[in-house]
Amino acid sequence: MSGASLRVEGLTGHFRTRRGAVPVLDDVSFTARAGQVTAIVGETGSGKSLTALSILRIAPPEFVVERGRVLLDEVDLLTLPERRMRAVRGARVSMVFQDARAALNPVLPVGRQLADVCRLHRPVNRRDAEKAAVEALAAVQIPDAARRARQYPHEFSGGMAQRALIAMALICEPEVVVFDEPTTGLDVTIQAEIMALIGTLTAGGLTALLITHDLGVVAETCAAVVVMRDGRVVEEASTEDVFTRPRHPYTAELLAASRLVEGSLA
Amino acid sequence: MTAIVLSASGLRKHYRIGALGDHRTLVAVDDVDLEVRAGETVALVGESGSGKSTVARCLVHLVEPTAGEVRVAGEPVRARPVAALTRVYRDVQMVFQDPNSSLDPRMTVRALLAEPLRLHLRLRRRERDDRVRELVEMVGLRTDHLDRYPHQLSGGQRQRVGIARALAVRPRVVILDEPTSSLDVSVRGQILDLLARVQRELRIGYLFITHDLAVVRRVAHRVLVMYLGGIVEQGPTGAVFARPVHPYTRALLSAAPVPEWGVRRERFHLTGEIPSPVDLPDQCRLVGRCPLAVPACAHARPPLVPVGPGHAAACPVETSEPTAPPRGPGAVRAGAAPD
Ligand SMILES: Nc1ncnc2c1ncn2[C@@H]1O[C@H](COP(=O)(O)OP(=O)(O)OP(=O)(O)O)[C@@H](O)[C@H]1O
Ligand SMILES: Nc1ncnc2c1ncn2[C@@H]1O[C@H](COP(=O)(O)OP(=O)(O)OP(=O)(O)O)[C@@H](O)[C@H]1O
Ligand code: SF4
Ligand SMILES: [Mg+2]
Ligand SMILES: [Mg+2]
C-alpha cells in the first residue's frame, strides 16, 4: 500500500430545504496523514458524517457544496468527472457507514455483497471473490466466516453487521478509509481487536479517518484529532496536545464531560 | 420490596439455520433469567452477538421465545388477550439499536412523537401538540426538527427521537438498546440525566443494553454480563466493577480504553477465536479462549453461584477460590486516573 494523505480544504455547504438554505459545513479544513489514524470528534449534528460523505461525493442531493477541495495526493476529488470518481470510490477511498444494518442490502447474503464489491474493482472471478469475502469476514473477527457469509443481514447481530461493513470497506485494499463510528455497536474486547486491525493497516500505509464519540479510543489509537462543532473545525492538533493542552474551550468541555462519565471507571 | 415490573425466566431463543438437509441450531439466547424492579436500572452488557438484542426482542414479543416466560408487572405476557396486549405495549417501551430502521421514514418527527400519544394516551390534538413540543425540548432537540424526516437528522438526533418516543407514553419499563452510542459525551450526559430524572418521577424500570461501560458504571444499579447466549456474571454494579469474577467479565472490563493520553489498563486477554453459537457443546462457553481453563471446564456448563451479596458468577474455577484478591480494571499509570 502506498501512502496517500487526504486534505480537506475550506469545505463549505448547506442543505436546501423548504424553509430555505440551512448552513451545515463552514470552511472545514484538516489533513489526514498517510499511515495514521486521524480522529474527528465533536458535537452530535456538527457535520462529521456530512464531511465524510462529501469526501466520497455521496452526500444527499439536497446538500450543496458551495466551495472547498478534497485533495487525495494533490488531485481534487470534488472536480473529478463522476466516471473517474467511481474508480476512486471503494477502490482507493472507502467508507464504513454509521448505520451498518441500513448500509447492507437486506435481500442478499452478506458474503455475496462483499464479493460483488470486490468484483466491481478487481478482475477476479466469482469463486475467488467469494473466497476473498470469507477471508475479509474472518479478518474482522467474525466466527465461522464461511457459514456467516451465506447469511442475510437480519441474521447478524448489530455488531456483526458493523464488522461486515468494515470488511467490505477493506476488501479492495484502499488507500484511505473513512470510518464513521465503526465500533459503537461492538463490545470493548472486539472494539480493541478492530482498532488493532486498523492499527496494523495504518502501519502498512493506510490513511484512516475515524469519526467517533469515544475519547478513550481516540487516546489509545489516534495520532491526530480534529474537533468539530456546529459545522466548523474548532481545533486540529496531535492527540497528545488535545488531551494535555486543549486550546479551544469546546475541546476542554468535551474532555471534562468524558472524565465526568469515565472517571468512575478507571 | 419494590415491585418487579419486568421479568423473564428460562428464556430461550433458537434459530434454525442452514440449507435443507443441513439444519443446525443457532442458540441466540440460552436459559436467561432476569428481573427489573420499579425505579431500577439494570444494565445488560456482553460480547457482540451474545444475544442481548434477542433478549430484548423476546421481552417485547417482537420475536416469539422458543421457551421461557416473560412477565410484565407480574402477569405472563403470552396469556393476555389482545386488548391487554396494547396495554403491555404501553407499559413496556423499547428504544431500538438502530434508529434508522425503527423510525418510519415516511413520518416526520412530529408525527412520530404524536402517534403514541394518540394511540396510548388518547390525547386530543391540542394537548398532543403541546406534549410533542415538550418532548423534543426534553431530549435537547429544537422545534424546527419537528418537520424533518428521520433521514434529515444526524445519527445522534435520530437516537433522541427514539428516546422521546419511548418516554412519551409514561411506560413502566423501558428497554434501551444502545441508546446513547451516537451521542457526543456532553449530550450523552444530558440524556443520562434526563433518563434518571424521569425514572425518579415515574419509578420507571430500565433495562439498559450497552457496550459503554462508563455509562453502565454511571447509571446501572445492577449489571448482567452475557456471553454466547447465557448470563455469566451478575451483581450490583459497584461489586462487579470492583471485583469482576468471571474471566469474560475481567477481559471485558480491562479492555475499556481510558480517555487520557498515555494511560492504558492492564489487559486480561482471552485467546483464540470467538466461537459461533451453532451446535454448542454442553460446556463452559469460554473453553478454548480462557487462559484459566482446566479439563473440568469442558464437562458441563457451569451454573451461576453466589460470590457476594447479590453477586454471582458462572465459573467454578474462579468461584471456588476462597481468597481471590480484588481485581479492579485499574489503569497502569498510577495517579493518572481521575476519581
Ligand atoms: N436532509 C437534511 N436536511 C436538512 N438538514 C440535514 C439533513 N441531513 C442532515 N442535516 C443536518 O446536518 C447536520 C449535520 O449532520 P451530520 O449527520 O453530518 O452530523 P454528525 O456530526 O455526523 O452527527 P452525529 O454525531 O449525531 O452522527 C445536522 O444538524 C443535521 O440535522
Ligand atoms: N433472525 C435471525 N436468524 C438467525 N440468527 C439470528 C437472527 N437474529 C439474531 N441471530 C443470531 O443470534 C445471535 C444473537 O444476536 P443478537 O442480535 O441478540 O446479539 P447482540 O448481543 O445484540 O449483539 P450486538 O452487541 O452485536 O448487537 C447472533 O449470533 C445472531 O447472528
Ligand atoms: S469455567 Fe473454566 S473455561 Fe469457563 S470461564 Fe471458568 S475457568 Fe474459564
Ligand atoms: Mg454522524
Ligand atoms: Mg444488539
Side-chain angles (χ1 to χ4, degrees), chain A residues 15 17 19 41-46 48-49 60 98-102 141 143-144 147-148 150-151 155-160 162-163 181 184-192 195 213-221 239-240 242-244 253-255 257-266, chain B residues 15 17-18 45-51 53-54 97-98 100-101 144 151-157 177-178 181-189 192 211-215 217-218 241 251-252 255-265 267 270 273-276 278 329-331 337-339:
Chain A
F15 269 104
T17 70
R19 297 197 184 162
V41 302
E43 220 174 14
T44 31
S46 61
K48 303 180 298 296
S49 295
Q98 184 164 2
D99 191 331
R101 210 183 293 265
Q141 310 283 317
D144 207 0
R147 187 186 308 279
R148 287 292 188 182
R150 293 195 294 273
Q151 288 189 321
E155 297 173 284
F156 275 41
S157 77
M160 281 191 288
Q162 217 154 4
R163 279 175 276 164
E181 304 194 24
T184 46
L186 302 178
D187 67 86
V188 286
T189 60
I190 292 174
Q191 170 177 292
M195 292 316 301
H213 289 299
D214 190 330
L215 296 177
V217 168
V218 174
E220 286 197 356
T221 55
T239 305
E240 179 172 6
V242 162
F243 278 89
T244 55
E253 192 187 307
L254 267 188
L255 291 172
S258 88
R259 283 168 189 149
L260 200 70
V261 181
E262 325 264 343
S264 46
L265 199 116
Chain B
Y15 287 106
I17 57 164
V45 303
E47 177 130 287
S48 161
S50 60
S53 297
T54 306
Q97 185 164 11
D98 55 17
N100 228 4
S101 35
D144 69 87
H151 77 271
Q152 296 174 317
L153 299 173
S154 79
Q157 290 162 343
D177 197 350
E178 294 287 352
S181 58
S182 299
L183 302 177
D184 66 68
V185 277
S186 68
V187 174
R188 186 174 67 182
L192 296 178
H211 288 299
D212 191 331
L213 297 172
V215 168
R217 185 70 211 241
R218 171 157 161 185
F241 277 76
L252 185 71
V258 188
E260 295 291 339
W261 174 251
V263 184
R264 269 164 196 262
R265 273 175 234 283
R267 288 281 302 275
L270 297 178
E273 294 244 326
I274 301 160
S276 100
V278 180
D339 207 329

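So that the names make sense, note that chain A is the first sequence line, chain B the second, and so on, each numbered from 1.
Looking only at heavy-atom pairs under 4.5 Å with chain B, the residue among Glu240(A), Arg148(A), Gln151(A) that has the most is Glu240(A). The choice from Thr189(A), Leu254(A), Thr244(A), Leu186(A) that makes the most heavy-atom pairs within less than 4.5 Å of chain B is Leu186(A). Your options are Gly51(B), Ser154(B), Ala255(B), Ser48(B), and the one with the most heavy-atom pairs under 4.5 Å with chain A is Ser48(B).
With no hydrogens or angles considered, a side-chain donor-acceptor pair links Asp184(B) and Thr44(A) at under 3.5 Å.
Only the side chain of Gln191(A) comes within contact range of chain B, with at least one heavy atom under 4.5 Å from a heavy atom of that chain. Using a 4.5 Å cut-off between heavy atoms, Val218(A) makes no contact with chain B at all. Looking at Asp177(B), neither its backbone nor its side chain comes within 4.5 Å of chain A, counting heavy atoms on both sides. For Glu178(B), the part sitting under 4.5 Å from any heavy atom of chain A is the side chain, from C-beta outward, and nothing else. Heavy atoms closer than 4.5 Å to chain B are found in the side chain of Ser157(A), but not in its backbone. With a threshold of 4.5 angstrom between heavy atoms, Ser53(B) does not approach chain A through any atom at all.
Here the closest heavy-atom approach between residue Val258(B) and residue Glu220(A) is recorded as N-OE2, 3.7 Å. Of all heavy-atom pairs spanning Val188(A) and His211(B), the tightest one is CG1-O, 4.1 Å. Ser181(B) approaches Thr184(A) most closely through the heavy-atom pair O-CG2, 3.3 Å. Looking at every heavy atom in both residues, Ser258(A) comes nearest to Pro259(B) through OG-CB, 3.9 Å.
Under the salt bridge (Lys or Arg N to Asp or Glu O under 4.0 Å) criterion, Glu43(A) pairs with Arg229(A), sequence neighbours left out. Listed by chain and number, the residues in a side-chain contact (heavy atoms from CB on, under 4.5 Å) with Ser182(B) are Gln98(A), Glu181(A), Gln159(B) (sequence neighbours excluded).
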